[in-house]
Amino acid sequence: VMVVDRSGTSADSASSLEVASYRVADVRQATQMRLLKGRLEVNLEEVRELALSEPAVTEVQVSLVRPGESVRLANVLDAIEPCIKADSPETTFAGILGQLEPLGLGLTNRLADVAVVPLCDFRSTHDVDREMEAPIRWHSIIDMDGPGRPYTHWGSTTNVVLQFTCKSDDPLAECDRAIRRATAGVARLLASATIGAPADVTETFCWDAEAADLPGIAAIIQVGADEPLLDTYFYGSSLRDTVPFLIDPREVLDGALTAGAYEYSGVRNPTQFYQRNKLVLSLLRLHGSRIRFVGVIPTLAYVQSNFEKSRHAMIAARLAKSLGATGAIVASYGTGNAQTGTMLTCRACEAMGVKTTVIVSETNGGLIDHVPEADAVISVGNHEELVREWEPEATLGGRYYDVESNSPIESPGPLSLMGYFGSSSQMGDTCLRTVAV
Amino acid sequence: MKSMHFLNQFFAGLGGEKAAKQPPLRLDGAVGPGRKLDMEISATVVCGDDYFGEKESEALGQLLQWVEDEKPDVLICGPAFAAGRYGYACGVLAREVVRRGIPAVCAMHEDNPGVLASDGAAYIVPTGESVSGMRDVLLKMSDLARAVAEGRAESAPPGTYLPRGRKENVFVEKSGADRAIEMMLAKIAGDSYETEAKPPLERVPVPKALESVASVTLALVTEAGVVPKDNPDRLEQCRAKGWHSYDISGLDSLEPGSFESVHGGFDVHVANRDPNRLVPLDAVRALQREGRIGRVDGFLYSTTGNCTPAARSLKFGHEIAQRLTEIGVAAALVTGT
């Protein structure tokens, strides 16, 4: 039973999102869950039992991993920031955990500098290549120390790591759903320690229609939604086969958009990068003073034909235009033909008079695709660059695989940035960029 | 400081085209233009242009062996000026020795295919197209070679060597999101801003149409990752490292089970039921029987376009085009996915 303290609720919470941040300097094992002067005490057995309550999960190992420890996390699936809807905990991660309510309104408590990180080597229990439509390329790591640590955000957070083993005779999709549900559940459980405690900082996000005379800016965010394990979810359901539509930016910050795509993890968007999306946060903070943020438009990456790519590009651009956008920031996702979709979206926007900046990652050879209209490009990193060899004292998450050859890595040589979880995420959440030399 | 030099048959004084099949050769000391380098050359390795072009892996194996035995502080390749085959060999050899920890300096014209072949590994002194500036180029190469061997190349004045096309990661203060918003506000306001990534240099002009395909040889080229069954050359499913040619001379069509696509960028199941839909050999043969297509080259030229960077794709394109030109192919049907 969760205790709800309504004293923090503000009068206009029905029309705004309040995010109360609780900084966590350390997480410790304890018999009872509580938050005390920046120290989160967690009963790891309680965490384990919650994760194990999923029928498709046969075993969960819970570990606390801190920055500076000689540990590599392998087969990282996602990272979720602990959060809870303080006034209605049952609506946290609506669509995934429980009661369906619109997110992005009311009071949300979050634990800063902490992440729940699920690991799973599906290959130890499933013939993944047979169950998947396309061969999957995994090599998803977080280094808590060594040369790779700065490249991934979670090298600097205290991580509650959940190592899952799933039932081999349950379909991969069901196992994945169980892991995502369990991870969100643990994130809510940890954040429940904030209920009744004073926040370090509270920020209020309004998104009203005032500011009509300011330049309208849209955020067009590509997401991948192809099949289970290569998916993005909105209120718990896959975005597969959708066309670009409008999302209230505060829904993005409040856990409505979640990740479930585990391939090429360097250029994917972990859930925590939606929850604390820097593009959305900055645009919302400028809303009403310098710009009018017209909203977030998700559009599918990897649609499978020139016609479909052009169609999605056109629909996204048309929506931005009809929302009154003067400009659109077009964020890419993944690599390869997804970046062709980004460039076509840029072209479609510019053709309708919507000015664009494009966010993409690059390769050793530079851009994968380009249109002349893309004259304002932000490069968030060369995902092919190698990170120096490092041998950790411990590796959690099982055997991991080379992203190019798909074969297990036996000796730790230099690894491509592509495998460092969220290192070149193209919504602009990191401070990496490329320079030509 | 110990330096080594790489020459082709012509600059080594062994002869022109007639000596182009010269297998790799190791000579003590400096040879030909190497004598005019302002530094001591401990050994010179030589390879004929055609030998390198036709037996690249054998040539490379032997040359690398000699370089590794000698352990020079720097390898000097060229100058190759506009000589495409020699430039290409310089670029490939330089790239491979750099991968083995030995720095390399080349000199050639910026359009020489060797620039792309070096894959950004070598420091390349830009030259004109002809050998007329030889003396000046050799002095520039000597200075740069010393700088490279001593780790000072990065501080050389701009223009000392061609841009190496590397994209290096750096951490900056502002997030990508905030940089994107700033650039957007500047663009809307009409203020100046600097894009962080520019497209590759080359734009391909549309060629003149052939009057007739009935009188020329047509070649089939693809980036669809089409290979003989079981992928004998291990063509990559993404970020291809090379291209391959496969004998199709006796074939009327690409039969499922004999050919397949290993492309990782699309679901190949449907295409593999009929590989002719990736490379339309069946349709080409039908048109050939009608006399609308003349001869068809006996090889399929194949690579994977999936995530392959533009610079590397340009290199493959140059190499394939050069091969086709050399064997007299006048038209290419290039299919993509």
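The sequence lines fix the lettering, A, B, ..., with proteins before strands; numbering per chain opens at 1. Atoms considered below: every heavy atom in the structure, side chains included; atoms not considered: hydrogens, waters and symmetry mates.
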Go through the atoms of A:Thr335 and report whether side chain, backbone, both or neither lie under 4.5 Å from a heavy atom of chain B.
both
Between A:Ser425, A:Ser361, A:Ser416, A:Ser424, which is the residue that forms a side chain to side chain donor-acceptor pair (under 3.5 Å) with A:His383?
A:Ser361
Does the side chain of B:Tyr301 pick up a donor-acceptor pair with the side chain of B:Glu319 at under 3.5 Å?
no
Who among A:Thr430, A:Asp375, A:Leu281 has the most heavy-atom pairs with chain B under 4.5 Å?
A:Asp375
Under 4.5 Å to a heavy atom of chain B? For A:Tyr151 that would be both
Strictly distance-based, threshold 3.5 Å: is any side-chain N or O of A:Arg268 a donor or acceptor partner for the main-chain N or O of A:Glu263?
yes
Ranking B:Asp119, B:Leu185, B:Val268 by heavy-atom pairs under 4.5 Å to chain A gives rank one to B:Leu185
Per-residue contact mode, A:Ala331 against chain B (heavy atom under 4.5 angstrom)
neither
Any side-chain donor near an acceptor of the partner, A:Asn382 and A:Thr434, under 3.5 Å:
no
Quick check for you: among B:Gly305, B:Ser175, B:Ala186, which has the greatest number of heavy-atom pairs under 4.5 Å with chain A?
B:Ser175
Does A:Phe421 have its ring centroid less than 6.0 Å away from the ring centroid of A:Tyr262?
no
Need one label for B:Lys174: side chain, backbone, both or neither, based on atoms under 4.5 Å from any heavy atom in chain A.
backbone
Going through the checks in order, is the side chain to side chain donor-acceptor pair (under 3.5 Å) test met by A:Asn269 and A:Tyr274?
CA-CA 7 Å; A:Asn269 303 335; A:Tyr274 293 126; 3.3 Å; yes
From the list A:Lys278, A:Met427, A:Glu362, A:Gln339, the residue making the most non-hydrogen contacts under 4.5 Å with chain B is A:Glu362
Working for side chain to side chain contact (heavy atoms under 4.5 Å, CB included), residues A:Arg292 and A:His287
CA-CA 5 Å; A:Arg292 183 169 59 88; A:His287 176 76; 4.0 Å; yes
What residue in B:Asp178, B:Thr195, B:Asn169 has the most heavy-atom pairs under 4.5 Å with chain A?
B:Asn169
Distance, nearest 0.5 Å, that separates CG of A:Asn364 from CG of A:Leu386
7.5 Å
Residue from B:Thr335, B:Thr337, B:Thr303 passing side chain to side chain donor-acceptor pair (under 3.5 Å) with B:Glu223
B:Thr337
Taking atom types as modelled and ignoring hydrogens, do the side chains of A:Thr342 and A:Ser332 form a donor-acceptor contact shorter than 3.5 angstrom?
yes
Which bit of A:Ser305 is near chain B, if near means a heavy-atom gap under 4.5 Å: side chain, backbone, both or neither?
neither
Between A:Ser379, A:Ala374, A:Gly336, which residue shows the highest count of heavy-atom pairs closer than 4.5 Å to chain B?
A:Ser379
At a heavy-atom separation under 4.5 Å, does B:Phe171 approach chain A through its side chain, its backbone, both, or neither?
both
Less than 4.5 Å to any heavy atom of chain B: does that hold for the side chain of A:Leu283, its backbone, both, or neither?
both
Options A:Asp429, A:Ile217, A:Thr356, A:Asn277, ranked by heavy-atom pairs under 4.5 Å with chain B, top entry:
A:Thr356
Part of B:Glu173 lying under 4.5 Å from any heavy atom of chain A:
backbone
Contact class of A:Ile359 relative to chain B, heavy atoms under 4.5 angstrom:
side chain
